[in-house]
Amino acid sequence: MQLFNNGLNPTISVAAVAKQDISAGTFLAQGVGSFEVRGKAVKIDSHPNHVPIALLQNCEIQRSIKCGEIVTFNDVALPDSLAYRAWKHTHSKTLKIV
């Protein structure tokens with residue numbers, strides 16, 4: 001059995017994609033397993049502003065998102081968390097963005 005290893009400088013992420021139109025002001029309790037978003041594997045350098053689906057916890061949508069759109073950091077207000085800080089650290093090392 002071989003496991004997927006994304007390495008110390010990841011190149012692949014699981015972006016949140018809207019399953020339906022989501023209005024600004026919508027509160028998301030969670031991304032993984034929700035009715036609002038699904039995950040899609042993306043190359044980080046092709047979608048540098050995407051929000052990983054697992055970071056969508058207890059957050060508010062700031063900009064309306066159409067069905068099928070990848071959720072970006074401009075679309076949401078994320079609360080501080082260890083996972084969010086880890087993503088920012090990893091992402092800044094990988095792309096020098098965020």
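For reference, positions follow the sequence shown, starting with 1.
The CG atom of Asp45 sits 8.0 Å away from atom CD1 of Ile12, with the distance rounded to the nearest 0.5 Å.
For Ala83, the side chain to side chain contact (heavy atoms under 4.5 Å, CB included) partners two or more places apart in sequence, or in a different chain, are Leu55, Ser81. Remark: Glu69 pairs with Arg63, Ile65, Lys66 by the side chain to side chain contact (heavy atoms under 4.5 Å, CB included) rule, at least two apart or across chains. Shown here are the side-chain hydrogen bond (donor to acceptor under 3.5 Å, both in side chains) partners of Asn74, two or more places apart in sequence or in another chain: there are none. In this structure Gln57 satisfies the side chain to side chain contact (heavy atoms under 4.5 Å, CB included) test with no other residue, sequence neighbours excluded. Checked against side chain to side chain contact (heavy atoms under 4.5 Å, CB included), Ala16 has the following partners two or more places apart in sequence or in another chain: Val37, Ile53, Leu56, Val71.
Under a 4.5 Å side-chain heavy-atom criterion applied to ILVMFWY residues, the cluster that includes Val42 comprises Val17, Ile70 as well.
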Please report, to 0.1 Å, the donor-acceptor pairs under 3.5 Å made by any side chain of residues 22-30, with sequence neighbours excluded.
from, atom 1, to, atom 2, distance (Å)
Thr26, OG1, Ser23, O, 2.7
Gln30, NE2, Val32, O, 3.0

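Between Cys59 and Leu78 the shortest heavy-atom distance is CB-CD2, 3.7 Å. Across every non-hydrogen atom of Lys19 and Cys67, the tightest pair is O-SG, 3.2 Å.
Ring geometry for Trp87 versus His50: interplanar angle over 60°, hence perpendicular rather than tilted (30 to 60°).
For residues 21-41, no residue pair satisfies the salt bridge (Lys or Arg N to Asp or Glu O under 4.0 Å) rule, not counting sequence neighbours.
The environment of Lys43 atom NZ is sparse: at most 12 non-hydrogen atoms of other residues, nucleotides or ligands sit within 6.0 angstrom.
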